[in-house]
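Heads up: the structure comes next, in C-alpha cells.
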Amino acid sequence: IKKRSLQSTATKGMSDEDEAPVVKKARIFYGSLEEKEKERLRREGISAAARDAVKAGIEAGNINISSGESMEMEERVSERQAEVLAEFERRKRARQITVSTDDVEVKACLRALGEPITLFGEGPAERRERLRNILSVVGPDALKKSKKEDEKAKRTHEYQQTWYHEGPSFLKEARVWLAKYSLPRAVERLDAARAHKEIPESTRTVKQQELHKALRNVNNFCSQIGDDRPISHCQFSPNSKLLVTASWSGLCKLWKVPDCTLVRTLRGHNTNVGAISFHPQATLTLEESDVNMASCAVDGSVKLWSLDSDEPVADIEGHSMRVARVAWHPSGRFLGTTCYDNSWRLWDLEVQEEILHQEGHSKGVHDLHFHPDGSLAGTGGLDAFARVWDLRTGRCIMFLEGHHKEIYSINFSPNGFHVATGSGDNTCKVWDLRQRRCMYTIPAHENLVSSVKFQPNDGHFLLTGAYDNIAKVWTHPGWSPLKTLAGHEGKVMGLDLSPDGQLIATCSYDRTFKLWMSE
C-alpha cells in the first residue's frame with residue numbers, strides 16, 4: 001500500500017491573538033497508481049527501461065492495482081491536541097464576553113455565581129478577568145438565570161408579605177370608638193389586679209381552697225330533654241336566670257333556671273343552628289322588645305331575637321357558607337360571626353352595616369371570642385391555628401401555633417392575658433399574651449375538645465367539654481383536674497357558666513342539657 005500523508009504541525013506557543021491551527025486531514029488512496037505513475041514518468045522523462053521495470057513489478061504482484069477509490073482517514077487527535085483546541089475556543093469566547101468595569105457589580109456577579117467575591121491580593125482588574133474566565137466556562141446565560149431566580153424569589157417574598165387596603169370611613173370611626181371604649185376598661189382591670197395583689201397571700205390561699213372544695217362537690221342538679229335533635233349550644237343570660245339552647249332541629253329554646261321550665265321556643269331557622277348568644281346587657285338594662293340574642297345556622301343565616309317574641313326581629317345577610325358561631329362584643333354594639341369561607345366578620349348594629357370582613361385563616365373559622373376589655377378578638381380555625389386580632393388597628397398581634405388538628409373553641413380569661421383553645425387533637429392549650437407563647441398543654445380528654453370556658457368573673461378555674469361524653473373542671477393556675485362532670489350519654493357539644501358562679505350548664509348530642517351545682 002502506498003500512502004501519501006500530509007503532516008500537520010501545531011504551534012506550541014499560544015497567545016490571546018493566535019488563531020487555532022487548522023488540522024489537515026490525511027488521505028488514503030485505494031486502487032491503481034498506474035496512470036499517475038505514467039504521468040510522473042512522462043513528466044520526468046524516465047527511460048523505457050524504468051517503465052519496463054514498473055510493468056515487471058505490477059506483473060510480479062509487488063505493485064497492487066485497484067480502481068483508484070479514496071476515503072478520508074478518521075480524525076485521531078491526541079488528548080493534548082484536544083486540550084489545546086478547547087483552550088483556544090475558551091479564550092475566543094472570553095474575548096467576546098462583555099464584563100462591567102464597575103467593581104461592585106463584578107463582585108455582585110461573582111456572588112450570584114457562587115464564587116468568592118475576592119481572592120487574596122486580587123485587584124479590580126484581576127477580579128474582572130476572573131469573572132470573564134468563569135463566564136467563558138459556565139456561559140453568560142448562567143448569570144442571567146441566577147438573576148431571574150433572584151427576581152422570582154424576591155417576587156415570591158413580596159407576595160407573602162401582609163398587605164392592606166383602604167376600608168370604609170365608618171370602619172375608622174368604629175376603630176376609634178373601640179379604642180376609647182377599651183382603654184378605660186383595661187385601666188380598671190389592671191387596678192383590680194393590683195388591688196387583688198395587695199390582699200395577703202394567706203387570705204388568697206384560703207379563698208382558693210374554699211373554691212376548690214366547692215368545685216369538688218359539684219354534682220348534677222337537673223337534667224332536661226331539650227329537643228328531639230342534638231343540642232349544639234347553650235348559654236346563660238347575664239342575670240343568670242335564663243338559659244338558651246340551640247338545636248339541630250332549627251329551634252332555639254329559652255329556659256328558666258334553675259327549675260328548667262320552658263319559657264319560649266324561637267322559630268326561624270330551617271336547619272342546624274350552630275350557636276345562640278345573649279347580648280351583654282340582655283335581662284339587665286335592655287328592654288325585652290330590643291335585640292337581646294343572636295343566632296346562626298349551617299345555611300349561613302344569622303338572626304336577631306327579642307325576649308318577648310318567638311319570631312326573629314331581623315336577619316343579617318351576607319354569608320354564603322356555614323356560620324359556626326356568633327359572639328357579642330362586650331359593648332353590645334358589635335356582633336362577630338365566623339364563617340366556613342375562611343373569614344370572620346364584624347357587624348355594627350348601630351349603623352346596621354358589615355364594617356369588617358377579615359381573612360387570615362386557610363380553612364373555615366369555627367369559633368370567635370372577644371377580650372373582656374373589648375380591644376382584642378380571638379379566632380380559632382379548622383387549619384389548626386388561632387389568631388388574636390387587635391380591633392383598634394386591624395393587625396393580627398399573635399399567631400397561636402401548636403395544635404395538630406382543628407381548633408373548635410377559644411376563650412379569653414378575665415385576667416386579660418390568658419387564652420385557652422380546645423382542639424380536635426384532644427388537648428386544651430393555655431397561651432400567655434404577654435410572653436406570646438403556649439404556657440401549658442392540658443391532655444384534657446380522650447376525644448375532640450368541643451368547648452373551653454374560663455370562670456367568667458375571676459378566671460380561677462377552667463371548664464372543658466369534649467366528645468368523650470364528659471366535661472372537666474381544671475384549676476387555674478396549676479391546670480390540675482378538680483372534677484369530672486360525667487352523666488351524658490352522648491358527646492358534650494357545648495357548656496357555659498352562669499355569671500353569678502352558681503351553675504354550670506352542659507348540652508349534648510344525647511338531646512339533653514344538664515345543670516351542675518355545688519352541694
Side-chain angles (χ1 to χ4, degrees), residues 207-208 210-224 226 231-246 252-264 266 275-286 288 292-295 305 307 325-328 330 332 367 369-370 372 409 411-415 420 422 450-465 470-476 482-488 492-508 512-519:
K207 285 186 177 180
Q208 191 174 24
E210 290 175 354
L211 176 65
H212 291 177
K213 184 179 179 181
L215 289 171
R216 289 191 183 96
N217 292 326
V218 167
N219 286 302
N220 187 9
F221 168 74
C222 171
S223 182
Q224 175 69 42
I231 299 178
S232 57
H233 196 262
C234 63
Q235 189 182 28
F236 285 102
S237 63
N239 68 356
S240 303
K241 294 180 179 179
L242 295 174
L243 179 76
V244 67
T245 59
C252 299
K253 295 184 179 181
L254 206 56
W255 307 83
K256 188 176 288 186
V257 290
D259 52 2
C260 294
T261 56
L262 181 63
V263 176
R264 183 169 287 106
L266 308 176
I276 186 165
S277 179
F278 274 104
H279 188 286
Q281 296 302 317
T283 69
L284 296 178
T285 59
L286 284 181
E288 287 193 355
N292 282 263
M293 293 173 288
S295 65
W305 308 84
L307 288 175
R325 293 286 185 270
V326 289
W328 290 93
D367 197 21
H369 190 242
F370 290 102
S409 185
N411 194 256
F412 285 98
S413 170
N415 65 19
S450 59
S451 188
V452 295
K453 181 86 174 178
F454 280 100
Q455 181 194 14
N457 297 325
D458 305 313
H460 288 162
F461 62 90
L462 175 70
L463 266 178
T464 60
I470 60 175
K472 291 185 178 180
V473 184
W474 308 84
T475 62
H476 175 213
L482 278 175
K483 181 71 176 179
T484 298
L485 308 179
H488 283 291
V492 176
M493 303 183 72
L495 51 80
D496 194 29
L497 291 102
S498 62
D500 62 6
Q502 298 300 312
L503 292 171
I504 296 172
T506 56
C507 60
S508 170
T512 69
F513 68 89
K514 297 182 186 294
L515 297 181
W516 310 78
M517 183 185 287
S518 177
E519 295 179 350

Problem set entry | With Cys234, the side-chain contact (heavy atoms from CB on, under 4.5 Å) member among Ile276, Val244, Leu243 | Leu243
Exercise. His369 side chain to Phe412 main-chain N or O, any donor-acceptor pair under 3.5 Å?
Worked result: yes
Problem set entry | Working for side-chain contact (heavy atoms from CB on, under 4.5 Å), residues Lys241 and Thr283 | CA-CA 9 Å; Lys241 294 180 179 179; Thr283 69; over 6 Å; no
Problem set entry | Side-chain (Asp500) to main-chain (Ser240) donor-acceptor, under 3.5 angstrom | no
Exercise. Okay, side chain of Ser413, backbone of Gly459: is any donor-acceptor separation there less than 3.5 Å?
Worked result: no
Exercise. Is the backbone N or O of Ala294 less than 3.5 Å from a side-chain atom of Ser277, with the two atoms forming a donor-acceptor pair by type?
Worked result: no
Exercise. Does any N or O in the side chain of His233 come within less than 3.5 Å of the main-chain N or O of Ala246, such that one atom is a donor and the other an acceptor?
Worked result: no
Exercise. Between Cys507 and Ser232, which heavy-atom pair has the shortest distance, and what is it?
Worked result: SG-C, 4.0 Å
Exercise. Would you say Ser409's side chain and Val452's backbone share a donor-acceptor pair under 3.5 angstrom?
Worked result: yes
Exercise. Passes side-chain hydrogen bond (donor to acceptor under 3.5 Å, both in side chains), Ser498 versus Gln502? Steps please.
Worked result: CA-CA 6 Å; Ser498 62; Gln502 298 300 312; over 6 Å; no
Exercise. Does the pair Leu497 and Phe461 meet the rule for a side-chain contact (heavy atoms from CB on, under 4.5 Å), with working shown?
Worked result: CA-CA 11 Å; Leu497 291 102; Phe461 62 90; 3.2 Å; yes
For this session: Indicate yes or no: at least one non-hydrogen side-chain atom of Val257 is less than 4.5 angstrom from one of Leu515.
Result: yes
Problem set entry | NE2 on His488 to OG1 on Thr512, rounded to 0.5 Å | 5.0 Å
For this session: Take Val218 and Leu485, measure what side-chain contact (heavy atoms from CB on, under 4.5 Å) needs, and give me the verdict at the end.
Result: CA-CA 8 Å; Val218 167; Leu485 308 179; 3.8 Å; yes
Exercise. How long is the span from the NZ atom in Lys207 to the CG atom in Asp458, to the nearest 0.5 Å?
Worked result: 9.0 Å
Problem set entry | Heavy-atom side-chain contact between Asn219 and Lys483 under 4.5 Å | yes
For this session: Identify the two heavy atoms, one from Phe236 and one from Asp496, that lie closest to each other, and give their separation to 0.1 Å.
Result: N-OD2, 2.7 Å
Exercise. Say you draw a straight line from CZ of Phe278 to CG of Asn292; how long is it, rounded to the nearest 0.5 Å?
Worked result: 7.5 Å
For this session: Only pairs at least two apart or in different chains count here, so list each side chain to side chain donor-acceptor pair (under 3.5 Å) that has a residue in residues 255-264.
Result: Thr245-Trp255
Exercise. So, Ser450 side chain and Gly465 main chain: donor-acceptor pair closer than 3.5 Å or not?
Worked result: yes
Problem set entry | Nearest atoms (heavy-atom pairs only) where Pro499 meets Pro456 | CA-CG, 4.2 Å
For this session: Heavy atoms only: give me the nearest Ser451-Leu495 pair and the separation to one decimal.
Result: OG-CG, 3.7 Å
Exercise. Given side chains that start at C-beta, do those of Lys453 and Thr464 come closer than 4.5 Å, heavy atoms only?
Worked result: no
Problem set entry | Non-hydrogen side-chain atoms of Leu503 and Trp516 separated by less than 4.5 Å | no
Problem set entry | Sub-4.5 Å side-chain heavy-atom contact between His460 and His476 | no
For this session: Go through Ile231 and Lys253 one step at a time and tell me if the side-chain contact (heavy atoms from CB on, under 4.5 Å) criterion holds.
Result: CA-CA 10 Å; Ile231 299 178; Lys253 295 184 179 181; over 6 Å; no
For this session: Check whether any side-chain heavy atom of Asn411 sits under 4.5 Å from a side-chain heavy atom of Phe454, and report yes or no.
Result: yes
Exercise. Between atom CG of Leu307 and atom CG of Leu254, what is the distance when rounded to the nearest 0.5 Å?
Worked result: 6.5 Å
For this session: Answer yes or no: is there a side-chain heavy-atom contact under 4.5 Å between Phe513 and Cys260?
Result: yes
Problem set entry | Between Lys514 and Thr506, a side-chain donor and acceptor under 3.5 Å | no
Exercise. Which distance, rounded to the nearest 0.5 Å, do you find between the CE of Met293 and the CH2 of Trp328?
Worked result: 10.0 Å
Exercise. Are side-chain heavy atoms of Gln208 and Leu211 found at a separation under 4.5 Å?
Worked result: no
